[in-house]
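Below: the structure, in structure tokens.
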Amino acid sequence: MSRIAYVNGRYVQHGDAAVHIEDRGYQFADGVYEVVTVVNGRLVDEDPHLDRLWRSLGELRIDVPMSRASMKAVTREIIRRNRLKTGLVYMQVTRGVARRDHPFPKPGTPPAMVMTVKHMRLPGRAKIEEGVKVISIKDIRWERCDIKTVGLLPNILGKQQAREAGATEAWQVDEDGMVTEGTSTNAWIITKEGELVTRPATNDILNGITRLRILKIAEAHGVKFVERPFSLDEALQAREAFISSATSFVTPVTQINDTVIGNGRAGTLSLSLRDWYDEFMAGLKESA
Ligand code: PLP
């Protein structure tokens, strides 16, 4: 089936979709993005994702490309045109097209917006129970990791390093030896005492929409949690660990570097959180 992309007001064949060579996203990574998951035709946490997109735009003083209602309409249309049942919607907004120069272009330069979809097959239970390996790397990013910008070079280098080490993700570690987050996921541990721990949402991490949902789910199920930084050493001694994101949901971690976590299989609380997250998605009402 042919893929359709949305580019600045038009729906075009994916292969023909293009932006200008002086788009500031292309030249300066001067743009932001969001990834919203669709499961069985339902958008997962669409509003919080749009809230964060609006926030990212505001922090960088990029104009909004359209109203929220229009954004939702385009989202539904691209899902419909691609017959997307389960997968993701990628939305990107840049500061638009202008002659290459560092300062912002003149006021009124329209932001550029593209939207694409990707079909996705969700992993089966056996794969989830197997868990994934993560490696640790130095966090070399800037001080505004709370903004979801398309400037992802450190994340890309880190993810590639993980791939080359046979791992799924790389946990970034700050100068104090504390884990910030993965390259495209948030990082979690469950301590020997059974406490669920994740780093607080400051400028050091992207405040994952999945992260926020998991905290709500944990609260609803009476799971004790604390938002505090944890060190790589603490993670290596944790009872369980997992990563979270819009596309990986709750994915158990069973190895960090050369250290096996727990008994080398997904931990029980991690699996419960995964089940509860799956239940939350199954219960979503709003159809795309
Ligand atoms: N941290 C980083 C650096 C990310 O890029 C992402 C997602 O892309 C996340 C965390 C998880 O965020 P979310 O749960 O909103 O997908």
Side-chain angles (χ1 to χ4, degrees), residues 5-10 17-37 43 45-75 78 88-118 139-159 172 174 180-186 199-213 244-247:
Y6 171 90
V7 185
N8 294 324
R10 293 170 53 226
V19 293
H20 196 278
I21 57 164
E22 285 193 315
D23 185 292
R24 289 179 63 96
Y26 177 62
Q27 292 193 320
F28 293 118
D30 190 1
V32 301
Y33 74 106
E34 273 300 325
V35 173
V36 187
T37 299
L43 284 154
D45 272 335
E46 180 187 27
D47 277 307
H49 278 285
L50 290 183
D51 289 344
R52 188 173 64 186
L53 180 60
W54 256 244
R55 177 182 183 276
S56 295
L57 289 167
E59 291 299 308
L60 297 179
R61 295 159 58 198
I62 297 174
D63 291 341
V64 300
M66 59 178 69
S67 70
R68 241 175 117 110
S70 300
M71 188 77 95
K72 287 187 171 188
V74 173
T75 303
I78 198 140
L88 62 88
V89 179
Y90 176 83
M91 31 188 92
Q92 176 178 310
V93 182
T94 72
R95 206 183 301 274
V97 176
R99 202 173 67 171
R100 189 181 181 282
D101 201 4
H102 287 61
F104 295 174
K106 65 174 186 312
T109 302
M113 181 177 138
V114 304
M115 210 184 274
T116 54
V117 306
K118 194 156 119 187
D139 195 335
I140 58 168
R141 297 175 302 162
W142 71 329
E143 290 181 1
R144 293 307 307 272
C145 296
D146 56 311
I147 305 172
K148 199 164 169 70
T149 84
V150 295
L152 290 171
L153 266 180
N155 309 56
I156 286 166
L157 294 175
K159 188 76 93 183
Q172 301 169 98
D174 69 16
T180 52
E181 60 182 334
T183 62
S184 64
T185 57
N186 288 115
R199 192 171 173 119
T202 62
N203 289 3
D204 301 328
I205 65 162
L206 184 75
N207 191 3
I209 303 305
T210 321
R211 172 190 181 281
L212 289 169
R213 178 60 61 189
S244 70
S245 73
T247 51

- prompt: Judged by modelled atom types alone, do D204 and T180 share a side-chain donor-acceptor pair under 3.5 Å?
  reply: no

- prompt: To the nearest 0.5 Å, what is the distance between CG (L60) and CZ (R95)?
  reply: 6.0 Å

- prompt: Between Y26 (side chain) and A29 (backbone), is there a donor-acceptor pair under 3.5 Å?
  reply: no

query: Is the shortest side-chain N to carboxylate O distance from R52 to D146 below 4.0 Å?
result: no

query: When you check the gap from the basic side-chain N to the acidic O, do D51 and R68 get nearer than 4.0 Å?
result: yes

Donor-acceptor list for residues 98-107 side chains, cut-off 3.5 Å, not counting sequence neighbours:
none

query: Under the 3.5 angstrom rule, does the side chain of T116 hit a backbone N or O of A5 as a donor-acceptor pair?
result: no

- prompt: Taking side chain as C-beta onward, heavy atoms only, is Q27 less than 4.5 Å from V97?
  reply: no

query: Side chain of S56, backbone of I147: donor and acceptor closer than 3.5 Å?
result: no

task: Walk me through it: do V36 and M91 pass the test side-chain contact (heavy atoms from CB on, under 4.5 Å)?
output: CA-CA 8 Å; V36 187; M91 31 188 92; 4.0 Å; yes

- prompt: W54 versus M71: any side-chain heavy-atom pair under 4.5 Å?
  reply: yes

query: Distance from L153 atom CG to I140 atom CD1, nearest 0.5 Å?
result: 8.5 Å

- line: All heavy atoms of I78 vs all of M115, minimum pair found to be CD1-O, 3.2 Å

task: Locate the shortest heavy-atom distance separating R211 from N186; write the atom from each residue and the value.
output: CB-OD1, 3.6 Å

E59 versus R144, closest heavy-atom pair with distance: OE1-NH2, 2.8 Å

task: Mind running side-chain contact (heavy atoms from CB on, under 4.5 Å) on E46 and L50 for me, showing each step along the way?
output: CA-CA 6 Å; E46 180 187 27; L50 290 183; 4.2 Å; yes

field: Where L57 and D63 come nearest, the two heavy atoms and their spacing
entry: CD2-O, 4.2 Å

task: Could you tell me which residues satisfy side-chain hydrogen bond (donor to acceptor under 3.5 Å, both in side chains) with T94, sequence neighbours excluded, listed by chain and number?
output: D23

field: Minimum side-chain heavy-atom gap L43-T75 below 4.5 Å
entry: yes

query: Considering only heavy atoms from C-beta outward, does the side chain of P65 approach that of P111 to under 4.5 Å?
result: yes

query: Shortest non-hydrogen contact from E181 to C145?
result: OE2-CB, 4.3 Å

message: If you compare all heavy atoms of I205 against all heavy atoms of P200, which two are closest, and at what distance to 0.1 Å?
response: CD1-O, 3.6 Å

query: Would you find a donor on one side and an acceptor on the other, under 3.5 Å apart, between the side chain of N155 and the backbone of T183?
result: yes

- prompt: Do V32 and Q92 come close enough that some side-chain heavy atom pair is under 4.5 Å?
  reply: no

message: Applying ring pair (Phe, Tyr, Trp, His ring centres under 6.0 Å), can you list everything that pairs with Y90, at least two apart in sequence or on another chain?
response: Y33

task: Applying salt bridge (charged side-chain N to carboxylate O under 4.0 Å, His left out), run through R141 and D174 and close with a yes or a no.
output: CA-CA 10 Å; R141 297 175 302 162; D174 69 16; over 6 Å; no

